[in-house]
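To start, the structure itself, in structure tokens.
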Amino acid sequence: MKNKKITRKISQGMYVLTTNGGGCIVDAVSQISAGENPLISVAVMKSNYTNELMHNNNKFAISVLGHDVDPNIIKTFGFNSMRDINKFDNVEYKVECDLNIVNDSLGYMILEKVDTIENDTHTLFIGRLIEADLYKDEPAMTYNYYQEHKDEFIKVQTENNKTAWVCTVCGYVYYGDVLPDDFKCPMCGVSKELFERKSS
């Protein structure tokens, strides 16, 4: 038996990744070296439009989210694609080093891309820190905190008299009596095991 929920115990944060042309919510960010200009890695799902943008740009920014972040930021950057909307129309931001930075954050990092590593589902982008600032010295939102308070950040509403399956990671809703065996969330890519059944 494989219970993938154990992966939520891996300590990860919640961030807004931005680059020229777009951005998205990410959780797999790590510092992988030290020094004056440390290396930072971020994993981005290959099916995500931001992945394509990251391949086409040589700089990116990471805004660190806190516990009191406006839920609209998570909804905007987590559940939409820049193919469909301009996410920056919905949030306040400033520009640093020609990159958009989310105002409602604990701070930001600007990174120069130095390497990429491909795997079957994600690309690992590695950047060298070239600029950064800390706005508020408060606890950062962890992925575990997000999961525990997700209902506060994502108010999922389902249609009456329909069986709904809700993704426990991103809040995507699938309607149907049964989830197909090979079903994967079209928003975040997780398998059916991470969906919960809700009846109106």
Side-chain angles (χ1 to χ4, degrees), residues 8 12-29 40 42-57 59-111 122-123 125 127 132-133 135-136 138-159 164-175 184-190 194-195:
R8 297 180 189 173
Q12 298 180 148
M14 294 288 286
Y15 313 88
V16 176
L17 168 70
T18 51
T19 190
N20 288 327
C24 66
I25 292 286
V26 293
D27 58 18
V29 174
I40 309 291
V42 56
V44 184
M45 189 182 307
K46 288 186 174 182
S47 61
N48 195 314
Y49 181 53
T50 303
N51 186 293
E52 179 182 331
L53 297 174
M54 290 283 285
H55 277 288
N56 295 330
N57 287 288
K59 285 192 303 185
F60 59 95
I62 296 171
S63 299
V64 182
L65 302 184
H67 290 180
D68 60 351
V69 66
D70 181 351
N72 184 55
I73 290 175
I74 293 177
K75 291 177 183 177
T76 298
F77 283 93
F79 309 145
N80 298 283
S81 172
M82 285 289 284
R83 291 188 179 99
D84 304 318
I85 69 165
N86 183 348
K87 299 180 183 182
F88 299 107
D89 287 342
N90 299 324
V91 299
E92 294 184 1
Y93 66 94
K94 69 175 187 175
V95 178
E96 293 286 348
C97 301
D98 298 321
L99 294 172
N100 293 344
I101 306 297
V102 174
N103 284 353
D104 188 6
S105 65
L106 302 183
Y108 67 89
M109 296 171 272
I110 305 287
L111 301 119
H122 288 66
T123 304
F125 295 95
D133 198 6
Y135 302 146
K136 296 183 283 189
E138 299 175 1
M141 183 188 298
T142 64
Y143 182 70
N144 187 58
Y145 180 92
Y146 167 74
Q147 286 296 329
E148 290 175 350
H149 298 83
K150 186 172 54 189
D151 290 343
E152 302 165 28
F153 292 108
I154 312 168
K155 296 195 177 355
V156 176
Q157 296 186 354
T158 58
E159 297 177 24
W165 298 85
V166 180
C167 177
T168 60
V169 175
C170 75
Y172 174 82
V173 180
Y174 173 89
Y175 291 101
K184 291 189 182 300
C185 179
M187 290 300 297
C188 68
V190 299
L194 293 179
F195 276 72

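Remember, predicted model here, so these are calculated numbers, not experimental data. FYI, the numbering just counts along the sequence from 1.
Rounding to the nearest 0.5 angstrom, the gap separating the OH atom in Y15 from the CD1 atom in I25 is 11.5 Å. A distance of 8.5 Å separates CD1 of I73 from CD of E92, quoted to the nearest 0.5 Å. One finds the CG atom of N144 at 11.5 Å from the CE atom of M14 (value rounded to the nearest 0.5 Å). Here M109 contributes atom CE and I101 contributes atom CD1; the two are 10.0 Å apart, rounded to the nearest 0.5 Å.
The backbone N or O of N100 sits less than 3.5 Å from a side-chain atom of T18, completing a donor-acceptor pair. In this structure a side-chain-to-backbone donor-acceptor pair under 3.5 Å is present from D104 to D70. The backbone N or O of N90 sits nowhere less than 3.5 Å from a side-chain atom of T76 that would complete a donor-acceptor pair.
Across all non-hydrogen atoms, the minimal contact from N103 to Y93 is OD1-C, 3.4 Å. The minimum heavy-atom distance between L99 and F60, with the atom names listed, is CD1-C, 3.5 Å. Of all the heavy atoms in Y175 and A164, the pair that sits closest is CE2-CB, 3.8 Å.
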- Query: Where do T123 and N51 land on the side chain to side chain donor-acceptor pair (under 3.5 Å) test, with the steps shown first?
  - Reply: CA-CA 7 Å; T123 304; N51 186 293; 3.1 Å; yes

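Side-chain contact check for Q12 versus V29: every heavy-atom pair is 4.5 Å or farther apart. Inter-residue side-chain proximity for T50 and M82 is flagged as unmet; no heavy-atom pair is nearer than 4.5 Å.
Aromatic ring centres of F77 and F88: separated by under 6.0 Å.
Ring-plane geometry between H55 and F125 is classed as perpendicular, the angle between the planes exceeding 60 degrees on a 0 to 90 degree scale with a lower cut at 30.
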